[in-house]
Number of protein chains: 2
Amino acid sequence: MSKKITIKDIAREAGVSVTTVSRVINKTGRIGSKTREKINKVIEEFGYHPNSAAQSMKTGRTRNIFFVVPDITNPFYASLAKELQLLSREKNYNITLYNTNESLKEELRAIETACEVCAGGIVFASINESREVIDKLLEADIPAVLLNSYLKCEFDTVHGEINAGTYLSTNYLIENGHKVIGFAGAPADTTVGKSRKQGYITALQNAGLNVDEKLSFEMGFSEDAGYKAGKYFSTLKKKPTAICCANDIVAMGVLTALYEEGIVVPDDISIVGMDDIIYSRISRPPLTSVSNDSNVFARSAFSMLFERIENTYEGEPREIIVERNLIIRESVSTNKCN
Amino acid sequence: MSKKITIKDIAREAGVSVTTVSRVINKTGRIGSKTREKINKVIEEFGYHPNSAAQSMKTGRTRNIFFVVPDITNPFYASLAKELQLLSREKNYNITLYNTNESLKEELRAIETACEVCAGGIVFASINESREVIDKLLEADIPAVLLNSYLKCEFDTVHGEINAGTYLSTNYLIENGHKVIGFAGAPADTTVGKSRKQGYITALQNAGLNVDEKLSFEMGFSEDAGYKAGKYFSTLKKKPTAICCANDIVAMGVLTALYEEGIVVPDDISIVGMDDIIYSRISRPPLTSVSNDSNVFARSAFSMLFERIENTYEGEPREIIVERNLIIRESVSTNKCN
DNA sequence: TTGTAGGCGTTATCAC
DNA sequence: GTGATAACGCCTACAA
């Protein structure tokens with residue numbers, strides 16, 4: 001914007017007052033159609049755009065939504081970001097990306113920052129729900145929606161069916177005759193981690209199978225954690241015949257470790273992942289996984305958020321549950337009976 | 001920020017004028033150390049943060065840098081975004097994410113949007129350089145750095161060695177005895193696409209090998225494009241013994257198609273990728289690739305951008321060239337002589 | 001070294 | 001329907 005043209009220039013040029021111009025920009029109040037046309041023409045002609053700093057100084061809000069994520073490098077969140085940005089653009093909003101690295105401190109700081117810049121909304125994704133975050137969000141008084149939070153709270157949330165993902169995948173393993181099943185990946189001290197572990201345990205228990213803590217390797221959601229888990233399992237005398245992984249990235253790490261150890265998947269050990277990231281299709285073997293549709297997350301979050309922003313909905317907090325489905329590929333051996 | 005505290009509140013509480021407070025905030029002008037301490041204490045105590053809308057209304061700039069990318073879903077850009085955000089946070093800047101989907105129209109719109117919100121800087125990544133973008137950037141008059149642009153222009157740039165990536169990988173293929181080598185992926189009408197193709201061609205020519213257009217399948221940087229390329233190559237009577245892929249994602253698609261067709265990599269056909277995304281390690285076989293260090297990109301871009309923002313450097317446009325290295329894994333058969 | 005006052009571009013509250 | 005005018009919170013000459 002080389003020469004800044006303001007609402008005043010438009011008003012002068014159109015021979016009206018700034019008030020009137022402001023009114024047609026914001027579509028507020030009644031305006032004669034001839035006046036409106038005239039003004040719109042001038043706006044068009046001059047390529048005028050309202051200065052958003054000035055706008056938000058008045059309104060105390062910017063057209064800017066904070067997207068707070070544990071790790072943008074995770075394809076699930078990257079896709080989410082992409083869709084969110086697309087949706088936001090249609091409403092003339094921008095997306096501010098805030099990567100927390102799964103740290104509570106950063107999550108809190110993200111909210112503070114959102115306040116400082118008067119963010120118009122927050123889409124908050126975490127692997128660990130905490131009352132601290134919610135309180136801070138409340139205090140911030142910015143419309144927000146929580147992703148992957150199972151906590152009952154004051155905000156709209158969208159999440160997968162609780163515990164369902166690993167339940168589905170573990171159950172599939174059981175159906176295929178597996179009885180000694182390992183669990184890899186999720187950090188034990190996070191909400192999402194606990195939930196994933198619980199799905200695994202429930203499936204085992206429902207089938208009357210033992211839960212053996214030696215068969216759980218809970219470290220983190222990274223490929224590195226998966227790699228270590230794979231190494232660990234390969235040292236066991238009584239190896240599992242299958243491993244349920246907390247997400248696909250972890251599964252990839254497990255795959256790499258097993259490959260290095262000369263263990264063949266799925267012939268020796270079966271693997272299931274979770275999230276169905278696009279790379280699960282191209283792994284060898286293609287990874288059986290559980291869907292976690294980022295676009296559904298994005299759209300649900302977005303529409304709820306905007307109803308809050310535009311005061312279209314002011315009722316009780318809502319909860320959208322995203323269906324999960326087993327995606328069967330080739331990383332699980334069938335009819336294993338040992 | 002429930003109750004908004006302003007600079008006035010701080011001034012009143014500290015028993016000084018707003019000017020003085022403003023001065024200590026912006027570290028401008030001389031302030032008595034006792035006064036400064038007092039003010040800082042009050043600021044701390046009240047948890048005061050300057051309203052950035054008001055600030056930028058004065059300065060005409062926000063602490064906000066636009067990160068414009070073709071596709072945030074590409075791990076290279078996702079890592080870049082992560083690092084960029086980390087760096088920015090230290091300077092109290094935020095990252096606005098703008099995904100262009102490789103469309104010129106969106107790229108232009110991104111720049112307009114950056115103007116509207118008075119962005120403090122732009123990091124612009126494209127697979128296609130165009131004078132139009134550069135002119136718009138110039139007109140926007142916002143400090144900017146270009147990623148992957150080889151065009152000599154008015155902005156600082158950071159890019160890999162021109163044509164070097166595919167030159168390196170193709171050459172490696174040649175060294176290992178391959179003579180019939182395909183090229184997969186890059187869209188022919190983009191700068192980056194052309195550059196990658198050129199590296200491939202140069203390597204061939206240097207080795208006195210024929211360039212056969214039938215062995216080029218130029219479609220796009222997506223996995224899907226790679227998949228189609230793989231299918232295409234598998235239908236050829238005279239199949240290549242190796243394929244140079246324009247990036248790793250394309251290579252992944254090729255791998256999938258070849259796998260479906262029962263063609264074994266690297267025994268039947270060798271594959272090389274490019275960018276060394278983390279998933280190339282976990283593909284089967286692990287993919288031989290060429291490094292493209294996103295962290296180096298991020299840090300170089302960031303430091304140059306901030307020197308512009310802070311007027312620490314005002315000289316000629318600079319150009320940072322990021323070294324590329326061949327990463328040898330297992331997707332290339334050695335000693336192929338046919 | 002510190003304070004006073006004006007203005008940045010909008011929107012909102014009045015009047016007309 | 002339309003127009004003056006007062007904020008919004010901050011920065012910055014200019015004064016003292």
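Chain letters run A, B, ... following the sequence lines, proteins first and then strands; every chain starts at 1.
A/T59 contributes a side-chain N or O that, together with a main-chain N or O of A/Q55, makes up a donor-acceptor pair within less than 3.5 Å.
Comparing D/dA7, D/dT2, D/dC11 by their closest approach to the side chain of A/K58 singles out D/dA7. Comparing C/dT11, D/dC11, C/dT2 against the side chain of A/I7 picks out C/dT11 as the nearest. In the set C/dG3, D/dG1, D/dC11, the nucleotide with an atom closest to the side chain of B/R23 is C/dG3.
Across the protein-nucleic acid pair, B/R61 atom CZ and D/dC10 atom C1' stand 17 Å apart, rounded to whole Å. To the nearest angstrom, P of C/dT10 lies 7 Å from CD of A/Q55. Following rounding to the nearest Å, B/Y48 (OH) and D/dC10 (C1') show an atom-to-atom distance of 7 Å. One can place CD1 of B/I5 at 10 Å from P of D/dC10, the figure rounded to the nearest angstrom. Atom P of nucleotide C/dC8 and atom CG of A/D9 are separated by 11 Å, given to the nearest angstrom. Rounded to an integer number of Å, the gap from A/N26 CG to C/dG9 C1' is 12 Å. At whole-Å resolution of the value, CE in B/M57 and P in D/dC11 are 12 Å apart. Atom NZ of A/K8 and atom P of C/dT11 are 13 Å apart (whole Å).
Residue B/T6 is in sugar-phosphate contact alone, with no base atom involved, counting any heavy-atom pair closer than 4.0 Å across all strands shown. Across all strands, B/T20 comes closer than 4.0 Å only to sugar-phosphate atoms, never to a base (heavy-atom distances). A/T35 comes within contact range of the sugar-phosphate backbone alone, with a heavy-atom separation under 4.0 Å but no base atom that close. B/S22 comes within 4.0 angstrom of a base, heavy atoms only.
Closest-nucleotide positions on DNA chain C for B/G32 and A/P50 were compared, and the one nearer the 5' end corresponds to B/G32.
We find that B/K105 and B/E132 are not joined by a salt bridge, their nearest charged nitrogen and carboxylate oxygen being 4.0 Å or further apart. Salt bridge annotation for B/R308-B/E154: absent, with no cationic side-chain nitrogen under 4.0 angstrom from a carboxylate oxygen.
The base of C/dT4 sits with one of its N or O atoms less than 3.5 Å from a complementary donor or acceptor on the side chain of B/T19.
The closest side-chain heavy-atom distance from A/L80 to A/V123 is not below 4.5 Å.
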**OP:** Show your reasoning for whether ring pair (Phe, Tyr, Trp, His ring centres under 6.0 Å) applies to B/F67 and B/F124.
**Re:** CA-CA 6 Å; B/F67 182 41; B/F124 195 98; 9.8 Å; no
